[in-house]
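The figures here come from the full heavy-atom set of this structure, side chains too, leaving out hydrogens, waters and symmetry mates. Ligands are counted one by one from 1 in listed order, and the atoms in each one are counted from 1 as well. All figures in this text were calculated on a predicted structure; none of them were measured in a lab.
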Amino acid sequence: MKRILILGADGYLGWASTVALHQDGHKLTIVDNYSKRKYMKELNRDPLVTLPKLKTRLTSINKTRHKINIYDKDCTNYVELKAIIKKHKPEVIIHFAELPSAPFSMLNNIYGWKTLQNNIQSTFNVAHIIKEINPDCHIIKLGTMGEYGTPNIDIEEGWLKVNHNGRNDKFLYPRQASSLYHTSKIMDTDLLWFYTRMNNLRVTDLMQGPVYGLCVNSANEKPMESTFTYDDIFGTVLNRFIVQAVAGIPLTVYGSGNQIRGYINIADTIDCIRLTLANTPHSGKLNIYNQFTQQFSVNELAKLVKVSLNEIGINTKITKISNPRIEKEKHYYNAKHTNINKIGLKPTLLDSEVIIDIAKYVLKHKSKINKKIINPKVKWK
Ligand SMILES: NC(=O)c1ccc[n+]([C@@H]2O[C@H](COP(=O)([O-])OP(=O)(O)OC[C@H]3O[C@@H](n4cnc5c(N)ncnc54)[C@H](O)[C@@H]3O)[C@@H](O)[C@H]2O)c1
């Protein structure tokens, strides 16, 4: 059992990880500055269900096992983050505390800079503090598959071997993002690689695909519930399609719908965290895992939602709308993702049962769906 510091614990993945790792018996300290809630309010984008803040949510799980220490602090504040790390001496830090929305980062100069500043500074702070205090602490950082973009060659897991003029070397796989958010994640990866090779840190970078699904424990539904967003700025595509279907409005496919990405169920995200916790990198080693389980085009996802929800009497239309993003709509995509399976991930595959489960949750809250916040308003051009 480990002492773990979770940064960004109020978020979609942070809260699900907090509950799971607490149940596993780890000693947790959790931090969030509620900036995601603040920006969602500012932009009039409420999640499907507005959950209580961490202190209230914790009352239902804190009675069991270890007490969880909780801080309403900003990870971009070096002094305050350092004080927390000094006090609680984590053996592992799991860093979710970023602004993770591509449309948010492309909305205007203010949110674009906020995304870059927040994400790079929080990652810099974690790496620099760990270098100062305890380089043996394992940093687990959430990256994204979006860092790689859509190159016309296979996407390797983090690294590319290059033979140039008869000599060989290995480099970070080339990255080329298509939003400022994804660009901030590329800079994060570079920073982590810098600190790993210069200061012998131990780092895992999880290059994750878009996450879908719920983290609701049926035996204990309330405390496990994670924020579920479906709007044009903060929502992810599959969750949004399911909400559109339940609300009786067409699923909006951006552009041709041939854009392919790798996706992962939130339950597998948690298992990947567990697996990387048990696989601490050697000192001076940056482990990179491509963290997704299946590739789909947007058209395939839309069809899967339509066919699956038809089974429970929901009839859905699919409509193509002009793509608000600048991205390749027809491209090669073959991303490797075997490293995480090698250390033990048993993937949860996306099928109609998973989609219907999510839809049942959404149906329970159907009256709260705000149809006005679904169609894309942020344009890249
Ligand atoms: N959800 C996905 O589909 C997905 C896919 C790939 C990668 N990721 C990565 O996973 C991580 C978590 O994603 P998520 O979906 O849970 O996001 P989220 O927005 O739901 O959660 C992030 C949390 O971090 C907090 N936070 C942000 N900046 C902070 C700061 N400076 N100090 C303290 N707290 C701060 C926010 O308030 C929020 O609660 C992000 O780094 C994201 O880039 C997510």
Side-chain angles (χ1 to χ4, degrees), residues 5-18 29-43 45 47-48 51 53-54 57 70-78 80-81 84 93-105 111 114-126 139-148 177 179-189 192 205-215 225-231 233-240 261-266 268-270 272-273 289-293:
L5 175 63
I6 300 181
L7 308 176
D10 188 49
Y12 180 45
L13 307 180
W15 174 248
S17 306
T18 298
T29 299
I30 63 175
V31 178
D32 205 293
N33 68 346
Y34 302 108
S35 53
K36 167 85 167 284
R37 290 177 186 251
K38 183 187 112 183
Y39 292 122
M40 288 192 78
K41 268 271 150 300
E42 213 165 282
L43 296 166
R45 273 60 182 177
L48 188 61
L51 300 170
K53 285 192 171 177
L54 286 171
R57 282 202 267 172
I70 161 173
Y71 290 91
D72 177 351
K73 293 285 179 199
D74 186 338
C75 298
T76 66
N77 185 320
Y78 193 89
E80 291 188 341
L81 184 61
I84 294 170
I93 297 179
I94 310 176
H95 177 21
F96 297 104
E98 302 216 329
L99 296 175
S101 161
F104 178 85
S105 74
Y111 294 129
K114 191 70 219 166
T115 302
L116 288 166
Q117 183 261 331
N118 183 75
N119 296 358
I120 298 163
Q121 191 161 11
S122 60
T123 299
F124 166 81
N125 285 358
V126 170
I139 299 172
I140 299 178
K141 161 73 174 43
L142 272 289
T144 151
M145 287 298 294
E147 290 177 47
Y148 298 124
S179 79
L180 284 170
Y181 155 61
H182 292 102
T183 301
S184 76
K185 307 294 278 190
I186 294 177
M187 294 171 172
D188 282 350
T189 298
L192 292 170
D205 200 359
L206 297 172
M207 310 293 286
Q208 186 172 241
V211 184
Y212 59 84
L214 305 168
C215 219
E225 200 173 350
S226 243
T227 310
F228 187 93
T229 49
Y230 62 94
D231 64 273
I233 295 183
F234 299 99
T236 47
V237 59
L238 185 69
N239 290 355
R240 190 170 61 243
R261 303 288 184 268
Y263 294 84
I264 183 165
N265 189 302
I266 189 168
D268 286 357
T269 294
I270 305 308
C272 291
I273 299 279
Y289 298 89
N290 287 350
Q291 185 168 300
F292 70 95
T293 53

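- With respect to Arg57 and Glu225, no salt bridge is recorded, no charged nitrogen being found less than 4.0 Å from a carboxylate O.
- Less than 4.0 angstrom separates some heavy atom of Thr76 from each of these atoms of ligand 1: 31 (N).
- Aromatic ring centres of Phe104 and Tyr111: separated by under 6.0 Å.
- Which of Gly14, Pro100, Gly143 comes nearest to atom 7 (C) of ligand 1 through a heavy atom is settled by distance: it is Gly143.
- Distances from ligand 1 to the non-hydrogen atoms of Ser122 include no value under 4.0 Å.
- For ligand 1, the polar-atom distance check against Leu99 finds no nitrogen or oxygen pair separated by under 3.5 Å.
- Counting only distance, with no hydrogens or angles, the side chain of Lys185 and the backbone of Leu142 share a donor-acceptor pair below 3.5 Å.
- Between Ser101 and ligand 1 there is no heavy-atom distance shorter than 4.0 Å.
- Between Ile264 and Val211, some side-chain heavy-atom pair lies under the 4.5 Å cut-off.
- Each of the atoms 3 (O) of ligand 1 lies under 4.0 Å from some heavy atom of Pro210.
- Within the 4.0 Å heavy-atom cutoff, Lys38 does not count among the residues contacting ligand 1.
- In terms of modelled atom types and a separation under 3.5 Å, the side chain of Ser105 and the main chain of Tyr181 share a donor-acceptor contact.
- Residue-ligand proximity, Asp74 to ligand 1, at heavy-atom distances under 4.0 Å covers atoms 30 (C), 31 (N), 32 (N).
- Close approach to Asp10 involves these atoms of ligand 1, each under 4.0 Å from a residue heavy atom: 39 (O).
- Within the structure, ligand 1 lacks Val31 among the residues with a heavy atom less than 4.0 angstrom away.
- Looking only at atom types and distance, the side chain of Asp32 has no donor-acceptor partner in the side chain of Tyr71 under 3.5 Å away.
- Put simply, the side chain of Ser35 reaches to within 4.5 Å of the side chain of Leu99, judged on heavy atoms.
- Close N/O approach between Asn118 and ligand 1 is found [any backbone or side-chain N/O within under 3.5 Å].
- Ligand 1 lies nowhere less than 4.0 angstrom from a heavy atom belonging to Gln121.
- Side-chain atoms of Arg261 never come within 3.5 Å of backbone atoms of Gly146 as a donor-acceptor pair (strictly under, hydrogens ignored).
- In this structure, Gly146 falls outside the shell of residues with a heavy atom less than 4.0 angstrom from ligand 1.
- Close contacts between ligand 1 and Thr236 involve ligand atoms 3 (O) [criterion: under 4.0 Å to a heavy atom].
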Begin with the C-alpha distance, continue with both residues' side-chain angles, and end with the deciding distance and a verdict on salt bridge (charged side-chain N to carboxylate O under 4.0 Å, His left out) for Asp188 and Lys141.
CA-CA 9 Å; Asp188 282 350; Lys141 161 73 174 43; 2.9 Å; yes
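- Residue Lys36 has at least one nitrogen or oxygen atom sitting less than 3.5 Å from a nitrogen or oxygen atom of ligand 1, judged on distance alone.
- Within the 4.0 Å heavy-atom shell around ligand 1 one does not find Phe234.
- Residue Cys75 has at least one heavy-atom neighbour below 4.0 Å for each of these atoms of ligand 1: 30 (C), 31 (N), 32 (N), 33 (C).
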Could you walk me through whether Thr189 and Glu147 pass side-chain hydrogen bond (donor to acceptor under 3.5 Å, both in side chains), step by step?
CA-CA 9 Å; Thr189 298; Glu147 290 177 47; 2.8 Å; yes
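- The two residues Ser122 and Thr76 come nearest to each other via the heavy atoms N-CG2, 4.1 Å.
- Residue contacts with ligand 1 for Lys73 involve N, CA, C or O but no side-chain atom from C-beta outward (heavy atoms, distance under 4.0 Å).
- In terms of protein heavy-atom proximity, atom 36 (C) of ligand 1 is closest to Asp32 OD1, 3.5 Å.
- Of all atoms in ligand 1, listed by their number and element, those nearer than 4.0 Å to a heavy atom of Tyr34 are 37 (O).
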